[in-house]
Colleague: 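I have a structure I would like to understand better, so I am pasting it below and will then ask my questions one at a time.
Note that these values count all heavy atoms, side chains included, but never hydrogens, waters or copies made by symmetry. Each residue takes its place number in the sequence, starting with 1.
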Amino acid sequence: MSTSISFLSDPQYGKSLVLFVLSPPGIPFDATEIARNLYGKREVTIDPITLPGLAPKNGFRFSDITLHWPDFLGLAFEHSDNALFFVPGKKKFQEIRRESLLQQNPDLYAFSFFRFHCPSYVAPAPEEEVRTPATASHTDEPAAATDRLRSTRDALSALLEAGWSANAVAKTSGINPITIGNLRHDRQKSVTARVHDALLTLRKDFDAGSVALPARKKNGSAPRKTAAAATRPAPAPKHVTDTAAPHDEPRYIAVDADRLDALLARLVDTFTDAVSELERMKKLI
């Protein structure tokens, strides 16, 4: 069958491209038609691929996996360059965004992942745009992919060393927290151009001062009350007898209020990050 592809914007890809393909369950499609639309009559290698934590086959259903729908979409879009939906009636593949899928019923789709590789393809040079390393990294050749992963990790490490938390990086950049955690702990073996560009842009904007370091949440009321109580002068000692009332006035010990406030703030941050990490791990079980 002859099909077409409709992208939402001008696609940028090189010799290799990873696509996340959705289709109606039980409706077959020909991946070679995708290759023909992308690379013309050039020789193309098409490899069905799987992702960590997903079903080890193409055409799998949402019931075959154990992830929540938002988490699954996060992984799918982080590991692919584009997402296409096959429209049988129109015989075409239509690009679709993650935001459009979040509100839909996942049981209406079957899912597949493909890597297309065309050694003879040369991407057209942009007419008025100077190609930067971040733009050129859309190719998935081994050397380029290694450099992209290294620069992505360097950007994340620089942000963390500057005082950013992993949660703040994920929220500000729009990257899935699972991907940030994998990069942080060296469990990510490759990254897409989308993740690479987002982290490098965040680091650049932060270094330039256009993005401020997010303020970490603090439990403001409890430390202030404690500090206020700690600054009260200790009451004069009373003569204690066997007949003293059971509810004597409490005694206070003078402490450094600023140091106490800083200590409590660090403890709150530590346990908040730990709880968030455990919640994300729980969703993957």
Colleague: Out of Phe86, Phe62, Phe72, which one pairs with Phe111 under the ring pair (Phe, Tyr, Trp, His ring centres under 6.0 Å) rule?
Modeller: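 Only match with Phe111 under ring pair (Phe, Tyr, Trp, His ring centres under 6.0 Å): Phe72.
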Colleague: Going through the checks in order, is the side chain to side chain contact (heavy atoms under 4.5 Å, CB included) test met by Arg97 and Leu8?
Modeller: CA-CA 9 Å; Arg97 300 294 190 195; Leu8 297 175; 3.3 Å; yes
Colleague: Should Ser151 and His196 be marked as a side-chain hydrogen bond (donor to acceptor under 3.5 Å, both in side chains) after you check the CA-CA gap, both sets of side-chain angles, and the distance that decides it?
Modeller: CA-CA 8 Å; Ser151 60; His196 171 273; 2.9 Å; yes
Colleague: State which residue, out of Ile34, Asn82, Leu19, fulfils the side-chain contact (heavy atoms from CB on, under 4.5 Å) condition with Ile5.
Modeller: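 Among the candidates, only Ile34 passes.
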Colleague: Considering only heavy atoms from C-beta outward, does the side chain of Leu183 approach that of Ile175 to under 4.5 Å?
Modeller: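 When only atoms from C-beta onward are counted, Ile175 and Leu183 do not touch, as no gap falls below 4.5 Å.
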Colleague: With distance as the sole test, does Ser112 use its side chain to make a donor-acceptor pair with the main-chain N or O of Gly59 at under 3.5 Å?
Modeller: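 At least one qualifying donor-acceptor pair exists.
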Colleague: Is any side-chain heavy atom of Ser6 less than 4.5 Å from a side-chain heavy atom of Glu95?
Modeller: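 Counting from C-beta outward, Ser6 and Glu95 never come under 4.5 Å.
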Colleague: Phe93 and side-chain contact (heavy atoms from CB on, under 4.5 Å): which single residue from Phe29, Phe7, Phe85 fits?
Modeller: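 Exactly one option meets the side-chain contact (heavy atoms from CB on, under 4.5 Å) with Phe93, and it is Phe29.
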Colleague: Looking at every heavy atom in both Gly26 and Pro28, which two are closest together, and how far apart are they?
Modeller: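 The pair with the smallest heavy-atom distance is O-CD, 3.4 Å.
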Colleague: Would you say the side-chain atoms of Asp205 pair up with the backbone N or O of Leu202, donor to acceptor, closer than 3.5 Å?
Modeller: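 No, the answer is negative, given that no donor and acceptor are paired below the 3.5 Å cut-off.
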Colleague: Could you grab the distance from atom OG1 of Thr152 to atom CZ of Arg203, nearest 0.5 Å is fine?
Modeller: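 Reported to 0.5 Å precision, the distance equals 11.0 Å.
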Colleague: I'd like to know if the side chain of Ser100 reaches the main chain of Ile96, judged simply by a donor and an acceptor atom lying under 3.5 Å from each other, with no hydrogens or angles considered.
Modeller: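 Judged by distance alone, no pair lies under 3.5 Å.
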Colleague: Any side-chain heavy atom of Thr172 sitting closer than 4.5 Å to one from Pro214?
Modeller: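 Sidechains of Pro214 and Thr172: in contact.
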Colleague: If you draw a 6.0 Å radius around CZ in Arg153, do more than 12 non-hydrogen atoms from other residues or ligands fall strictly inside?
Modeller: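 Yes.
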Colleague: Run the side chain to side chain contact (heavy atoms under 4.5 Å, CB included) check on Asp64 and Lys57 step by step: do they pass?
Modeller: CA-CA 10 Å; Asp64 295 331; Lys57 63 179 181 179; 3.8 Å; yes
Colleague: So do Leu84 and Gln94 actually touch side chain to side chain, heavy atoms under 4.5 Å?
Modeller: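 When only atoms from C-beta onward are counted, Leu84 and Gln94 do not touch, as no gap falls below 4.5 Å.
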Colleague: So, for Leu200 and Ala155, which heavy atoms are closest and what is the spacing to 0.1 Å?
Modeller: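 Heavy atoms of Leu200 and Ala155 come nearest at CD1-CB, 3.8 Å.
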Colleague: In Å and rounded to the nearest 0.5 Å, what is the CD to CG distance from Glu161 to Leu156?
Modeller: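 Glu161 atom CD to Leu156 atom CG measures 9.5 Å (nearest 0.5 Å).
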Colleague: Under 3.5 Å, side-chain donor or acceptor atoms of residues 37-46 against the rest of the protein: list the pairs with distances, not counting sequence neighbours.
Modeller:
unit_1: Asn37; atom_1: ND2; unit_2: Thr3; atom_2: O; d: 3.2
unit_1: Asn37; atom_1: ND2; unit_2: Glu33; atom_2: O; d: 2.7
unit_1: Tyr39; atom_1: OH; unit_2: Gly14; atom_2: O; d: 2.9
unit_1: Arg42; atom_1: NH1; unit_2: Tyr39; atom_2: O; d: 3.0

Colleague: Can you name the closest pair of heavy atoms from Ala198 and Ser173 and give their distance?
Modeller: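 Shortest heavy-atom separation between Ala198 and Ser173 comes out as CB-O, 4.1 Å.
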Colleague: Which pair of heavy atoms, one from Leu75 and one from Asn176, lies closest together, and at what distance?
Modeller: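 That closest heavy-atom pairing would be N-ND2, 4.3 Å.
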Colleague: When you compare the side chain of Leu199 with that of Ile180, does any pair of heavy atoms fall below 4.5 Å?
Modeller: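 The answer is yes, as the side chains (C-beta and beyond) meet within the 4.5 Å cut-off.
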Colleague: With a 4.0 Å cut-off on N to O distance, would you call Asp207 and Lys204 a salt bridge?
Modeller: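 Looking at Asp207 and Lys204, the cut-off is not met.
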Colleague: Return yes if some donor-acceptor pair links the side-chain N/O of Trp69 with the main-chain N/O of Leu101 below 3.5 Å, else return no.
Modeller: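 Such a contact is found between Trp69 side chain and Leu101 backbone.
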Colleague: Do Phe113 and Pro48 touch side chain to side chain, with heavy atoms closer than 4.5 Å?
Modeller: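 In short, these two side chains do not touch, never coming nearer than 4.5 Å.
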Colleague: So Thr32 and Asp30, side-chain hydrogen bond (donor to acceptor under 3.5 Å, both in side chains) or not? Walk me through it.
Modeller: CA-CA 5 Å; Thr32 59; Asp30 190 354; 2.6 Å; yes
Colleague: Are Val195 and Thr192 close enough that some pair of their side-chain heavy atoms sits under 4.5 Å apart?
Modeller: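 SC-SC contact between Val195 and Thr192 confirmed.
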Colleague: Quick one: are Asp47 and His117 in side-chain contact, heavy atoms under 4.5 Å?
Modeller: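 No, too far: nothing below the 4.5 Å cut-off.
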Colleague: Check step by step if side chain to side chain contact (heavy atoms under 4.5 Å, CB included) holds for Val18 and Phe114.
Modeller: CA-CA 6 Å; Val18 176; Phe114 296 96; over 6 Å; no
Colleague: Counting distance only, does the side-chain N/O of Arg61 pair as donor-acceptor with the main-chain N or O of Tyr109 below 3.5 Å?
Modeller: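 Flag set: sc Arg61 to bb Tyr109 pair under 3.5 Å.
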Colleague: Between CG of Leu17 and SG of Cys118, what distance do you get to the nearest 0.5 Å?
Modeller: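 With rounding to 0.5 Å, CG (Leu17) is 11.0 Å from SG (Cys118).
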Colleague: For Arg194 and Asp81, what are the C-alpha separation, side-chain angles and deciding distance, and is it a side chain to side chain contact (heavy atoms under 4.5 Å, CB included)?
Modeller: CA-CA 8 Å; Arg194 187 181 297 107; Asp81 295 291; 5.8 Å; no
Colleague: Provide the closest heavy-atom pair for Phe20 versus Leu22 in the form atom of the first, atom of the second, distance.
Modeller: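 Closest approach of Phe20 to Leu22: CE2-CD1, 3.8 Å.
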Colleague: Suppose we screen for side-chain contact (heavy atoms from CB on, under 4.5 Å). Which residues come up paired with Pro70, at least two apart in sequence or across chains?
Modeller: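 Expected list: His68, Leu102.
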Colleague: Hey, does the side chain of Lys15 reach the backbone of Tyr121 with a donor-acceptor pair shorter than 3.5 angstrom?
Modeller: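 Pair found, side chain donor or acceptor close to backbone of Tyr121.
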